[in-house]
Structures are given as C-alpha cells and as structure tokens.
Q: 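I'd like to ask you about the structure that follows.
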Amino acid sequence: MGITPNSELRTPNLSVDIAGLKLKNPVMTASGTFGYGEEYSEFLDLSMLGAIVVKGLSITPRQGNPTPRIVETPAGMLNAIGLQNIGVETFIKEKLPFLKQFKTPVIANFFGDSIDEYIHAAEVLSNAEGVHALEMNISCPNKQAGWIVFGTDPKTMEQVVTAVRKATKLPLIVKLSPNVTDIGLMAKVAENAGADAVSLINTITGMVVDVKKRRPVLANNTGGLSGPAVRPIAVRMVWEVYKVVKIPIIGMGGIMNANDALEFLIAGARAVAVGTANFVNPTATIEITEGLKRFLKEEGLSDINEIIGSLKVGS
Amino acid sequence: MGITPNSELRTPNLSVDIAGLKLKNPVMTASGTFGYGEEYSEFLDLSMLGAIVVKGLSITPRQGNPTPRIVETPAGMLNAIGLQNIGVETFIKEKLPFLKQFKTPVIANFFGDSIDEYIHAAEVLSNAEGVHALEMNISCPNKQAGWIVFGTDPKTMEQVVTAVRKATKLPLIVKLSPNVTDIGLMAKVAENAGADAVSLINTITGMVVDVKKRRPVLANNTGGLSGPAVRPIAVRMVWEVYKVVKIPIIGMGGIMNANDALEFLIAGARAVAVGTANFVNPTATIEITEGLKRFLKEEGLSDINEIIGSLKVGS
Amino acid sequence: MSKYFKAKTVDNFSLNKHFSLLNLSPLSDIDIPQPGQFYMLQAGDTCDPLLKRPFSIFRYEDNLLSFLYRIRGKGTLSLSRLKSGDIINVIGPLGNSYPVPDGDFIALAGGIGIASLLPLLDRFKNRAYLFYGARNKEELVMIDAAKGISKETFITTDDGSEGKKGLITDSLIDFLNPSRITHHASRIYACGPTPMLKELHRIIKSQIQNPKSQIIECYVSMEEHMACGVGACLGCVVKVRGQETVDSSQKWIYKRVCKEGPVFDIKDIIWE
Amino acid sequence: MSKYFKAKTVDNFSLNKHFSLLNLSPLSDIDIPQPGQFYMLQAGDTCDPLLKRPFSIFRYEDNLLSFLYRIRGKGTLSLSRLKSGDIINVIGPLGNSYPVPDGDFIALAGGIGIASLLPLLDRFKNRAYLFYGARNKEELVMIDAAKGISKETFITTDDGSEGKKGLITDSLIDFLNPSRITHHASRIYACGPTPMLKELHRIIKSQIQNPKSQIIECYVSMEEHMACGVGACLGCVVKVRGQETVDSSQKWIYKRVCKEGPVFDIKDIIWE
Ligand SMILES: Cc1cc2nc3c(=O)[nH]c(=O)nc-3n(C[C@H](O)[C@H](O)[C@H](O)COP(=O)(O)OP(=O)(O)OC[C@H]3O[C@@H](n4cnc5c(N)ncnc54)[C@H](O)[C@@H]3O)c2cc1C
Ligand SMILES: Cc1cc2nc3c(=O)[nH]c(=O)nc-3n(C[C@H](O)[C@H](O)[C@H](O)COP(=O)(O)OP(=O)(O)OC[C@H]3O[C@@H](n4cnc5c(N)ncnc54)[C@H](O)[C@@H]3O)c2cc1C
Ligand SMILES: Cc1cc2nc3c(=O)[nH]c(=O)nc-3n(C[C@H](O)[C@H](O)[C@H](O)COP(=O)(O)O)c2cc1C
Ligand SMILES: Cc1cc2nc3c(=O)[nH]c(=O)nc-3n(C[C@H](O)[C@H](O)[C@H](O)COP(=O)(O)O)c2cc1C
Ligand code: FES
Ligand code: FES
C-alpha cells in the first residue's frame with residue numbers, strides 16, 4: 001500500500017543523552033551483574049542495550065571474598081563478592097576487544113582503596129579505546145582514611161571525585177551509596193566536584209544469620225542487598241536526588257520489568273540499570289526496552305524524555 | 001510415676017530484662033502495628049506477650065495523612081499513616097484500663113513536633129498508672145529545627161533524649177531511625193544522653209510510583225518500608241549497635257517467624273518486636289514465642305539469654 | 001471460635017477471564033458472616049505477595065464460605081492459583097454489615113460490587129430492585145443468580161454489550177424520578193467503584209432535597225487499601241463527618257473502613 | 001537455539017517425602033545436555049523466592065528434561081508445587097560436563113549427588129562401579145534404575161536401614177585396597193556433600209602415593225550458592241590451584257562453579 005510514514009512516526013524515541021553520551025535507549029546493565037558482557041552474549045544481542053556497564057575494575061586484579069558470597073533474602077539477595085576482578089589492564093587486553101564489536105557504549109565501573117588507586121585506574125581506562133564513560137564506585141572503604149567508606153562521608157567523597165575528575169576527560173558517573181542519611185547532599189557534593197552524572201543506588205548493607213550455626217551466612221559477615229526488596233528505597237532516593245541536582249541520574253535498584261523502570265524514569269532518572277533481574281531473566285534488559293516502547297505507545301507519547309522527571313507530587 | 005522435676009527443668013527460661021523491666025518472654029509488638037492492644041485481643045491472649053507497645057501517641061490527637069496510606073511492595077509495605085492517634089489523655093482514659101487487666105507490661109510509644117511536646121507527652125504518660133516504659137519515636141521532623149528529623153541528626157537527637165530523660169523515671173527506650181549513615185553512632189548518642197535501651201529499626205523511607213498516573217501511590221508521596229524486605233538491613237544494624245553500646249537492644253524489622261527472631265537475638269537484641277507480621281498472621285507473636293522455646297529445647301539450651309549476642313563472626 | 005482459622009479450598013473456578021469463585025471449607029468452628037462483612041484472604045505462604053487482601057462474603061451455605069473475586073493484581077492472581085485441597089489461613093468475618101432493610105430496597109452494584117450485595121439480596125429475597133452496571137458483558141457476572149432473588153433487575157454496560165448502554169446511575173436516576181414512581185423502596189444499598197458512589201451521593205443529595213422523593217437512607221460499602229483488616233494499622237481510613245468528636249470544631253474524623261465500616265451511611269462520608 | 005527457554009511441566013511426582021522428579025517439555029529447540037551439566041530452575045513468577053536454583057540434568061530422553069530434586073528450602077518447596085501444564089522459564093544447559101571415561105570407572109554418589117551421576121552411568125552402561133551412600137533408606141532414591149545400568153553397586157546408609165551400615169567412602173576404601181583389586185577402573189567420578197568430597201580427596205591423595213593403586217584421576221562436581229548460573233555474578237567460586245595464572249607467586253585462583261565447573265579435577269581444588 002505504498003509508503004507508510006505513519007508507522008515510523010509511531011515508533012517512539014527511546015534515546016537519551018547522559019553527559020554527551022548518546023544511548024539508543026535508557027536501559028543499561030548494572031555493574032557486577034553482567035560480567036564483562038560476554039557472559040550474557042549468548043542470551044541476547046548486546047547491540048540492543050543502551051549501554052553495558054562492566055564489573056567493577058581496580059588497578060590490580062583482586063581475588064575477592066571467600067564463599068559463601070551470596071544469600072537470598074525476601075525479594076532480594078545479599079552479595080559479598082568483594083570486588084573480585086581481573087584488573088584494568090587485563091580488562092582492556094582481553095575483554096574490551098569483544099565488546100567493541102557491538103554498537104553499544106561501554107561504561108567502565110572502577111574503584112580503589114585509595115585516591116591514588118582511583119586516579120590510576122581512571123587514567124588507564126580513559127586511554128583505552130572503546131571505553132565510553134567511567135562509573136566510579138565509591139562504596140568502598142578508603143584505606144588511607146582508616147577504612148571510612150568513600151561514599152558515606154561528604155568530604156572524603158569530594159576529594160576522590162575531584163581527583164578523578166582531573167584524571168579523565170570521559171563522561172564521569174559517580175555511583176552513590178544508599179547507606180547515608182542524606183543522598184541528596186551526597187549527589188550535590190558529587191555534582192560540585194565535577195561529576196557529569198550520578199548513578200544510584202548501590203547495594204544496602206545487610207546481614208543474614210544462620211541460627212543453627214550462630215554465624216552470618218556470608219563469609220564476609222555482611223553483604224550488599226539488591227533486588228526488588230530495595231526498589232521503594234531506590235525510587236525515593238532517585239526522587240530526592242532529582243530535586244537537588246542538575247546532572248543526569250541513572251536509576252537502579254530492584255528493576256525487574258518495564259513498570260519498575262518507569263517508576264525510576266518518572267521519579268527523575270534519565271536512564272536505568274538492570275542488575276539482579278539479569279540473574280532471574282537473562283533477557284530482562286531487552287524485555288524492559290520493549291515494555292518502555294509499548295508504554296509510550298499506549299500513552300500516546302512520542303519521546304521517552306517526556307516522562308523523565310514527570311512525577312506529579314501532592315503538597 | 002511420681003514427681004517429674006526434669007520435665008519442668010526442660011522448659012527453658014524465656015524471660016529477659018530490659019532496663020529493669022522484666023519480660024516473661026522477649027517477644028513484643030511493634031508500635032503502630034498492634035493498635036492499642038484491644039484490636040488483637042480477640043485473636044490471642046495478650047497476657048502471653050512479652051510486652052505490648054502501643055501506637056505512637058502525641059500530646060494532642062492527630063488526624064494523620066490522607067489516603068492511600070498503605071501500599072504493598074515486594075516482600076514489604078510502605079505506610080504513611082502520619083502518626084494518627086487519639087492523644088495521650090484519651091489513651092490513658094479509654095485504652096489503658098483495658099490493657100491493665102493483662103499480666104503484660106505496657107510500653108507507650110510517643111513522639112512530638114518539638115522538644116516541648118516530647119517532654120510534655122513523656123510527663124503525662126509517666127504519671128499514668130499502668131504504663132511500664134516509654135519508647136520515644138524520633139523518626140519525626142523537628143518543627144523548631146526547620147523539620148530536620150530528630151533521629152537523623154546526632155545533635156538534635158541528643159537534645160531531645162536528654163530533655164525526655166529528665167522528664168521521666170520510667171525505663172526510656174529510644175527508637176532509632178534506620179535512615180542514617182551510622183546507626184552505631186546514633187545508638188551511642190542515645191545511650192550517652194540517658195536512654196535505658198534502644199529499639200531498632202523504625203521504617204526506611206521509600207516511594208512507589210503509579211506509572212499510569214505519574215504520581216506517587218501514597219497521598220503523602222513517601223512512606224516507611226517495613227516487612228521481610230528490610231530484615232537483612234535491620235539485622236545488620238542491630239549487630240552494628242550491639243558492638244558499640246552496653247544498653248539492651250530491642251530488635252525489629254521484618255520478623256515473621258521464630259527463625260527471624262533468632263537472627264536478631266543472636267545478633268545482639270535482648271528482645272524483639274513483631275510488626276507487619278501481625279497483619280499477615282494475627283497470632284504471629286505467640287507462634288514466635290513457641291518457636292523460640294522449641295529452638296532452645298532442640299539446641300539443648302536452658303535460657304534464652306545464652307543466645308543473645310552469641311553471633312560468631314569471621315575475621 | 002476464632003476469627004483466624006484455617007480453611008480448605010473446595011474449589012476455585014474461573015467464571016471467565018476476569019472473575020473466579022472460590023469456595024472454602026473452614027477447618028474449625030467459625031462465626032457466621034453477615035451481608036456486607038468481609039474476610040482477609042491470601043494464597044501461599046511466601047513473602048510476595050505479602051499482605052492478605054479483603055474480600056466480601058459472597059455466599060455462606062452448608063458451612064462453605066464463597067468469594068467472588070476479580071483478578072486485578074498479584075494478590076488476586078495468586079488467589080486464582082489455589083487448587084482444591086490447598087489449605088489457607090483466613091481472617092474474618094470482619095467489619096460491620098448492611099443494616100437490615102425494612103420493606104423493599106434498592107441495591108446498586110458497580111462491577112465486582114455485586115459480590116458484597118448478593119448476600120443481602122439473598123437474605124431478603126425478592127425485595128430488591130437491583131441496579132447492576134459494568135463496563136461490558138464480560139464484567140457482568142452472576143446475573144442469573146441475582147435476577148432470581150431480586151424483585152426487578154436493571155442492567156447497564158458502558159458499551160451496551162449487555163442490558164442498556166450507559167451508566168447504571170443514570171438508570172437509577174430514571175427510576176427515582178418522583179414524577180413516575182412505581183416502587184416503595186426507601187433505602188439504597190450500594191457497592192462499587194468510587195466514581196459511582198460519588199455520583200450516587202450527588203443523586204441522594206438531590207433526592208433528599210426533593211420532598212416528593214421516597215428515598216430517605218443510603219448505605220455504601222467503602223473500599224480502601226488495607227493492611228490488617230482488624231483496625232490496628234489505621235491504613236484504611238475514610239473521612240467521616242465529625243458528629244462523634246468531643247471537639248465540635250472538628251469538621252471530620254477518620255474512621256476505619258475495616259472496623260467502623262465497610263458499610264457507612266452515605267451522608268456521613270466526606271466525598272472529595 | 002537459546003539457553004533461555006520456556007518449558008511445560010509434564011509431571012512432577014513425589015518419590016517420597018523428600019524427593020521429587022520433575023519432567024519438563026521444552027517449548028522451543030534446545031541444546032542437548034551432557035552428563036554433569038545443570039539448569040537454573042524456578043517455579044512461579046513472584047519475587048519470593050527470587051533467584052533460580054541449580055539442578056543437574058538427571059535424564060534427557062524424547063526431548064524431555066528430567067530433574068531429580070530434594071526438597072530443602074523455599075526454592076525446592078515452590079518447585080514441588082509445579083503442576084502438569086505449568087510453564088516455567090529455564091536456563092541451561094550450563095557448565096562443563098564429566099569427561100568421557102575410558103573403560104570402567106567408579107562413581108561415588110552421596111545422597112542427591114546421584115542426580116548428577118546417573119546420566120553418566122546411563123550413557124556408559126554397565127561400566128560403572130557405583131558407590132551410593134545416604135543417611136537412611138528414605139534418602140536413597142532411584143536405586144533400581146542405578147543398579148540396572150551399573151556393573152556393580154555398593155550401597156551404604158549411616159543407619160544401616162538399607163545396604164551396609166557406614167560411610168560410603170569406607171566401602172570405597174575397601175574396594176580400592178591395592179592388595180585385593182578386582183577391577184580395572186582408573187577414574188573416579190563423584191558428586192555429593194562436601195565432607196564426602198573432602199574424604200575422597202584424602203583417599204585419592206593416598207591412592208596416588210601408592211604405586212600399586214590403579215586410580216589415576218578423579219573428577220568431582222562441586223556445589224556453591226549461585227545467583228546467575230552463567231558466570232556473571234562471581235557468586236559461586238571455588239579455590240583452585242593457580243596453574244593458569246600469569247603470576248606464579250599466586251598459589252590459587254577462584255574459578256566459577258557455574259562456568260569453569262561444576263566438574264573439577266579433585267587435585268585442583270583447594271580443600272579447606
Ligand atoms: C471491604 C472490601 C471488600 C472487597 N470485596 C471484594 C470482593 O468480594 N471481590 C473482589 O474481587 N474484590 C473485593 N475487594 C477489592 C479487593 O480487595 C482488591 O481487588 C484486591 O485487594 C486487589 O489485590 P491485588 O493484589 O490483586 O491487586 P493490586 O495490584 O495489589 O492492586 C490493585 C488495586 O487493588 C486495590 N488494593 C490493593 N491492595 C489492597 C488492599 N490490601 N486492600 C484494599 N484494596 C487493595 C488498590 O486499589 C489497587 O490499586 C474488596 C475490597 C474491600 C476493601
Ligand atoms: C551444579 C549444581 C547442581 C545441583 N543439582 C541438584 C540436583 O540435581 N538435585 C537437587 O536436589 N539439588 C541439586 N543441587 C542443589 C540445589 O541447588 C539446592 O538444594 C537448592 O538450591 C536449594 O534451594 P532451596 O531454596 O530449596 O533451599 P534454601 O533454603 O535456599 O537453601 C538450602 C541450602 O541449599 C543451598 N543453596 C541455596 N540457594 C542456593 C543456590 N542459589 N545455589 C546453590 N545452592 C544453594 C545452600 O547450601 C543452602 O544452605 C545442585 C546444586 C548445584 C550447585
Ligand atoms: C553480585 C553483584 C555484584 C555487584 N558488583 C558491583 C560492582 O562491582 N560495582 C558496583 O558499582 N556495583 C556492583 N553491584 C551493585 C549493582 O550494580 C546495583 O547497583 C545493585 O545491585 C542494585 O541494583 P539491582 O537491585 O537491580 O541489582 C553488584 C551487585 C550484585 C548483585
Ligand atoms: C502501619 C504501621 C504503623 C507504624 N506506626 C509506628 C508508630 O506509630 N511509632 C513507631 O515508633 N513506629 C511505627 N511503625 C514502625 C514499626 O513499629 C516497626 O518499627 C517497623 O514496622 C519495622 O518492623 P516490621 O518490619 O516488623 O513491621 C509503624 C509501622 C507500620 C507498618
Ligand atoms: S486495614 Fe488496618 S485499620 Fe483497617
Ligand atoms: S552463579 Fe554467578 S558466576 Fe556462577
């Protein structure tokens with residue numbers, strides 16, 4: 001029946017812009033839940049993702065914690081992987097080439113025990129072709145400052161973000177810890193220190209006790225809570241951050257389906273990351289993207305950006 | 001077969017001591033989830049409870065928030081009741097007489113908008129015969145200090161606890177907010193300001209968005225998360241507090257059964273409170289007490305106090 | 001006799017895509033439910049869904065509790081998966097009930113609201129003028145059962161796929177028109193979605209102002225999100241005129257749908 | 001051909017109080033599983049239980065996937081509630097598999113470990129000396145099936161309620177005694193609880209030191225808590241001698257049970 005321009009018009013725009021990084025859709029993977037991408041490449045076409053965020057990297061490889069590292073909790077899980085990773089160099093040599101074949105930006109999540117380690121890792125990653133943005137995980141203890149967690153003390157965080165900002169020209173995303181009194185304050189500190197975007201939430205510290213053994217189930221005693229259990233906390237935090245910063249927000253925490261992703265977008269996230277859901281459903285990211293498209297069509301909207309931060313609140 | 005003293009010996013001791021208050025067992029009700037006791041009196045014998053903690057009281061009655069006030073979340077619920085209550089006077093006149101008939105200590109949970117309101121409520125409740133202890137809810141905003149939440153700022157909390165300490169001779173329990181960076185620090189502040197015990201956790205602030213309406217589901221926008229979803233966070237916090245204070249801890253957050261209660265006791269709680277579980281199972285408290293007894297027998301222990309704080313942690 | 005008891009699923013059959021009927025056999029002695037009362041039900045024993053959900057008693061016969069429910073979200077979905085023989089924990093009967101009608105009466109049911117009203121029609125057989133509306137044919141259930149026990153039945157659907165096309169409240173307005181009264185009913189009982197109840201409130205107000213109208217009373221069953229169902233959590237409140245408050249300056253108070261309700265005098269509710 | 005597919009429950013029958021057998025019919029083309037591989041399974045679609053659980057392929061015949069499972073906690077409990085016709089999402093086959101045996105071999109199964117070893121016995125019929133131990137008679141399942149495809153079968157229970165009373169590893173020690181060898185097996189395949197595997201490791205070490213012993217290799221299937229099953233979360237690691245690491249000072253590395261395993265050479269595992 002000839003050209004049908006309407007059917008094209010009817011496909012809503014899903015692309016969003018995070019600090020100059022153009023994502024074809026707002027659905028990315030959460031660090032540590034998607035390996036280095038290849039683990040899930042037999043389940044889905046990685047080119048369909050908004051971005052791939054890889055497992056947290058440090059300047060030298062890490063063995064991580066002893067096992068058990070994982071325990072399930074009601075509608076959630078605790079993990080205490082202990083940031084096991086192959087190190088930035090091996091990542092660049094062995095994992096990055098594989099990821100370059102896909103038309104999807106690669107965001108390197110990284111961390112350190114000290115400001116120097118952060119700087120060093122950021123520099124090495126910034127020089128690697130194929131890394132499109134950096135995500136700083138600041139939920140790690142600062143060795144120099146007597147193991148105070150970088151991401152829970154505004155001063156410590158300011159220092160490390162300022163230092164990393166100088167070390168990279170790539171878009172810099174600061175990943176916030178939810179284990180704080182005032183997440184809005186932490187986001188503002190990150191923004192002022194030069195972050196191009198913030199992502200939240202990282203996991204919430206939790207513990208499960210084996211009552212027979214009278215020991216924590218995890219070898220590390222505590223672990224980080226993720227999954228649907230934390231979603232209402234994460235959505236609230238995204239909203240709090242949205243009210244006080246101007247830089248884009250990447251929202252995550254318990255997103256299992258398109259409806260959950262929409263909660264974050266409406267609360268103010270410009271993109272979302274899917275973590276624990278990958279374990280339950282390896283194609284969760286793709287299904288969420290499809291669901292977002294469907295929602296926009298049903299609501300008669302032509303652009304995902306129309307709903308970002310569209311939350312109407314009562315007095 | 002004559003007297004069988006062994007069978008008596010075999011019934012383990014469940015009684016614990018909270019700041020001089022002797023509880024026949026460590027299982028109490030969590031404030032706001034058990035009304036003023038009478039609501040559940042047709043489901044269980046209130047004399048079997050370790051203690052009854054009543055809905056939070058203020059010096060003048062409160063209407064609370066508009067509806068919806070409740071929304072379910074994965075393995076949890078948000079509530080934004082808004083501290084609706086009949087006020088201390090009406091409580092003493094109309095509800096306390098009913099509670100006096102049971103052989104169970106009554107703990108009055110209370111709060112205020114200002115330090116004066118706290119003092120005033122504490123005084124009135126302390127003079128009422130039949131109130132055995134006070135539990136201060138400090139998860140409320142301080143009107144005087146520009147609506148900073150009492151329980152999230154150490155200084156503000158210190159002031160209000162110190163003031164209330166002077167206003168009452170009853171055992172004083174300070175109920176800690178989990179919405180803080182360092183719960184151990186907050187507990188220490190409470191202890192130093194004169195608290196006889198701390199209870200934790202109160203609810204964690206969360207939000208659920210209705211994506212069709214692009215509004216929060218709750219009329220109050222945010223609400224407090226409770227139920228099994230928060231349990232790993234609560235257990236971790238009890239353990240953190242146990243490591244730094246000497247006063248007894250009342251643990252709560254998602255306790256559904258005896259195993260859950262044991263997690264808290266082993267992590268350092270001397271008593272536990274059951275909240276959301278009452279809604280699902282009105283006899284949850286009784287079943288938990290029975291379960292604790294069974295556990296002690298199975299483990300060959302004669303006294304619940306042997307397991308309190310018995311957590312063995314790895315290095 | 002406890003209001004918290006175990007019950008065995010006798011059957012749980014699907015009437016159509018949206019509606020099912022659940023029959024439970026209590027495993028201990030129970031209180032006899034009155035029309036308008038409800039139970040808190042939940043299938044399964046996991047933490048998701050966590051809370052029980054409120055359902056009106058639809059029928060009580062031969063010590064069998066029947067519930068008519070509409071599958072909406074995860075609670076009712078998991079309920080629909082109950083199989084014969086499955087045992088669940090039940091709380092109820094809860095709440096107040098419809099006051100006993102004197103003479104003929106009008107029953108106004110919107111959608112699943114029929115579940116709450118049917119026991120009333122059944123107890124007072126052939127005394128009700130039933131007005132029953134729904135979105136479409138599929139959403140109208142138990143029509144034959146309702147017709148058999150009603151004096152007269154008026155059916156509407158939004159799309160005209162069954163009965164008259166239009167709103168059920170419009171049919172009611174016609175019926176109540178004082179210039180052509182054909183009935184002796186002075187009371188209305190209603191259960192249904194809030195927009196319907198609000199429109200009913202508007203109708204009642206104008207009826208009461210009209211000296212020719214026979215309608216003098218109207219009782220509605222209210223819905224609110226519930227957590228406990230027993231009056232403890234204060235989650236399910238509605239604004240009610242403050243007649244009972246000490247302080248007369250107070251224009252309204254909150255009452256609990258689960259305890260002081262679910263049935264309220266429509267005049268007492270503050271409709272916003 | 002995707003490793004993430006939907007499958008229909010054909011049946012799910014209970015062998016006794018503890019064990020059930022689940023038969024699934026995949027709704028799309030699947031990869032053919034090898035003995036030792038596993039699948040991630042989950043019943044229901046609620047958030048509790050949240051994660052899938054790993055189960056060894058027990059049988060693959062006529063495009064039917066069979067799993068033998070023991071009910072332990074909430075994951076396996078909810079699995080036991082699957083009814084014929086229920087459709088679930090499945091990930092698999094995952095992990096490596098048992099290396100192909102040359103000639104006769106020994107299979108050591110502790111409890112539910114039989115589930116993982118049976119496909120190996122079945123593929124190489126009448127070549128296995130099966131050592132199968134459990135706590136008691138009730139915990140020994142599929143004995144007849146296993147006997148029919150093994151060269152010889154040795155059974156023990158802790159309480160003597162079936163087979164010989166004692167530990168299965170003690171029976172193995174007797175059998176391996178070099179002074180009265182009656183077999184030509186040089187390889188052991190094992191799956192079972194960690195204490196059994198540790199004792200096996202001790203046995204193997206002394207066998208290897210003994211020049212008269214025929215045993216030269218031993219493969220064990222390891223268990224760890226898993227979240228993803230596909231190598232992404234790093235939750236399921238075990239300590240393995242660091243032969244493959246660049247830095248030779250590193251005595252061990254972590255390998256993923258779900259990806260580099262579940263089957264490992266027993267010598268490579270660091271038993272702590
Ligand atoms: C007194 C009373 C009697 C009722 N009787 C019946 C009946 O006989 N048959 C029937 O089909 N339905 C009845 N309902 C409505 C029924 O309770 C809801 O449809 C059900 O709770 C929806 O749960 P869900 O998990 O399937 O849906 P959800 O996805 O959780 O929610 C769908 C909608 O249901 C409502 N809802 C959710 N949770 C609750 C809750 N805990 N309490 C009240 N409303 C809630 C909300 O409006 C929500 O938007 C009654 C409600 C009340 C208050
Ligand atoms: C490769 C592999 C193959 C297996 N094959 C079989 C099989 O064929 N049949 C069978 O009955 N069992 C098998 N298991 C064990 C099975 O996975 C556990 O029994 C099951 O996960 C228990 O889950 P649950 O929720 O019922 O118990 P839970 O109450 O959750 O836990 C009981 C115990 O099971 C273990 N466990 C819990 N969650 C996990 C998890 N996600 N991953 C691994 N272990 C866990 C823990 O040791 C825990 O203490 C296998 C395990 C692995 C790793
Ligand atoms: C197993 C696991 C490993 C993780 N590793 C990292 C990591 O290396 N770096 C990081 O910043 N976040 C890490 N996270 C946190 C996730 O990226 C995410 O912030 C969190 O899990 C919340 O999202 P979810 O609920 O969707 O999983 C990890 C989470 C899980 C479950
Ligand atoms: C509906 C509801 C009302 C509550 N009201 C109060 C209150 O008035 N005062 C208070 O200190 N805590 C209140 N709480 C918090 C509980 O006492 C408890 O700290 C929290 O719910 C965690 O326990 P749970 O997970 O067992 O419910 C309330 C909780 C709920 C669910
Ligand atoms: S549902 Fe709890 S008070 Fe009504
Ligand atoms: S289970 Fe996730 S890496 Fe093995």
Side-chain angles (χ1 to χ4, degrees), chain A residues 29 32-44 54-56 60-87 89-90 217-219 223 226-229 231 254 256-257 260 275-284, chain D residues 1-6 31 40-42 44-54 73-76 78 88-94 194 222-240 242 245-247 250-260 270 272:
Chain A
T29 62
T33 66
F34 208 72
Y36 300 111
E38 45 182 39
E39 290 83 354
Y40 279 106
S41 60
E42 53 179 329
F43 295 99
L44 54 99
V54 298
K55 173 73 189 158
T60 44
R62 302 249 188 152
Q63 301 271 37
N65 290 328
T67 57
R69 291 176 165 189
I70 297 269
V71 62
E72 190 170 310
T73 67
M77 61 176 279
L78 293 182
N79 88 78
I81 307 302
L83 295 166
Q84 174 181 343
N85 79 95
I86 56 176
E89 308 279 7
T90 311
V217 170
L218 297 179
S226 66
R231 192 170 59 237
M256 303 301 281
N257 55 42
D260 301 342
T276 305
N278 295 306
F279 305 157
V280 181
N281 170 6
T283 58
Chain D
M1 209 114 78
S2 166
K3 285 189 178 176
Y4 181 57
F5 58 91
K6 285 190 195 307
D31 290 346
M40 299 294 285
L41 301 182
Q42 178 181 36
D45 49 9
T46 72
C47 296
D48 183 38
L50 178 66
L51 299 170
K52 292 184 160 53
R53 306 283 195 265
K74 62 183 180 180
T76 44
S78 79
I88 63 171
N89 292 308
V90 174
I91 313 178
L94 299 169
T194 306
M222 302 293 289
E223 268 201 35
E224 252 310 328
H225 289 216
M226 288 187 182
C228 71
V230 305
C233 74
L234 307 179
C236 65
V237 298
V238 285
K239 276 191 184 169
V240 167
T245 50
V246 201
D247 176 1
Q250 213 175 347
K251 289 211 190 67
W252 56 269
I253 55 167
Y254 276 128
K255 287 202 175 180
R256 298 165 294 186
V257 169
C258 71
K259 197 81 184 176
E260 285 86 35
I270 298 189
E272 292 179 322

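It should be emphasised that the depicted structure is a prediction, and the values quoted were computed from it without experimental measurement. Here is how names work: the chains are called A, B, and so on, in the same order as the sequence lines, proteins then strands, and each is numbered from 1.
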Q: Can you name the closest pair of heavy atoms from M77(A) and L50(D) and give their distance?
A: N-CD2, 4.5 Å
Q: Sort out for me which of T73(A), T276(A), N65(A) touches chain D most, counting heavy-atom pairs under 4.5 Å.
A: N65(A)
Q: Contact part of P66(A) toward chain D, heavy-atom cut-off under 4.5 Å: side chain, backbone, both or neither?
A: both
Q: Distance-only criterion, 3.5 Å: show the donor-acceptor pairs between side-chain atoms of residues 225-232 of chain D and protein atoms not counting sequence neighbours.
A:
from, atom 1, to, atom 2, distance (Å)
H225(D), ND1, I70(A), O, 3.0

Q: Which heavy atom of Y254(D) sits nearest to which heavy atom of G64(A), and what is that distance?
A: CE1-O, 4.1 Å
Q: Checking heavy atoms, do the side chain of I91(D), its backbone, both or neither come under 4.5 Å from chain A?
A: side chain
Q: Please flag which part of Y36(A) lies under 4.5 Å from any non-hydrogen atom of chain D: side chain, backbone, both or neither.
A: neither
Q: Which heavy-atom pair separates L51(D) from E72(A) by the least distance, and what is that distance?
A: N-OE1, 3.0 Å
Q: Report the distance from atom OG of S2(D) to atom CZ of F43(A), rounding to the nearest 0.5 Å.
A: 6.5 Å
Q: Which pairs count as side-chain hydrogen bond (donor to acceptor under 3.5 Å, both in side chains) when at least one residue sits in residues 226-239 of chain D, sequence neighbours excluded?
A: K239(D)-E272(D)
Q: How close do I253(D) and Q63(A) get, counting heavy atoms only, and between which atoms?
A: CA-OE1, 4.0 Å
Q: Considering non-hydrogen atoms only, spot the tightest contact between R69(A) and V237(D) and give its length.
A: CZ-CG2, 3.3 Å
Q: Looking at N85(A), N278(A), V280(A), which makes the most heavy-atom pairs under 4.5 Å with chain D?
A: V280(A)
Q: Do you know which two heavy atoms are closest between K55(A) and L234(D), and how far apart they sit?
A: CE-CD1, 4.0 Å
Q: Let me confirm one number: the SG-CZ distance from C47(D) to R231(A), rounded to the nearest 0.5 Å.
A: 6.5 Å
Q: What I'd like to find out is whether the side chain of N281(A) reaches to under 4.5 Å of the side chain of Y4(D), using heavy atoms alone.
A: yes
Q: Out of P74(A), A75(A), G82(A), G32(A), return the one with the most heavy atom pairs under 4.5 angstrom to chain D.
A: A75(A)
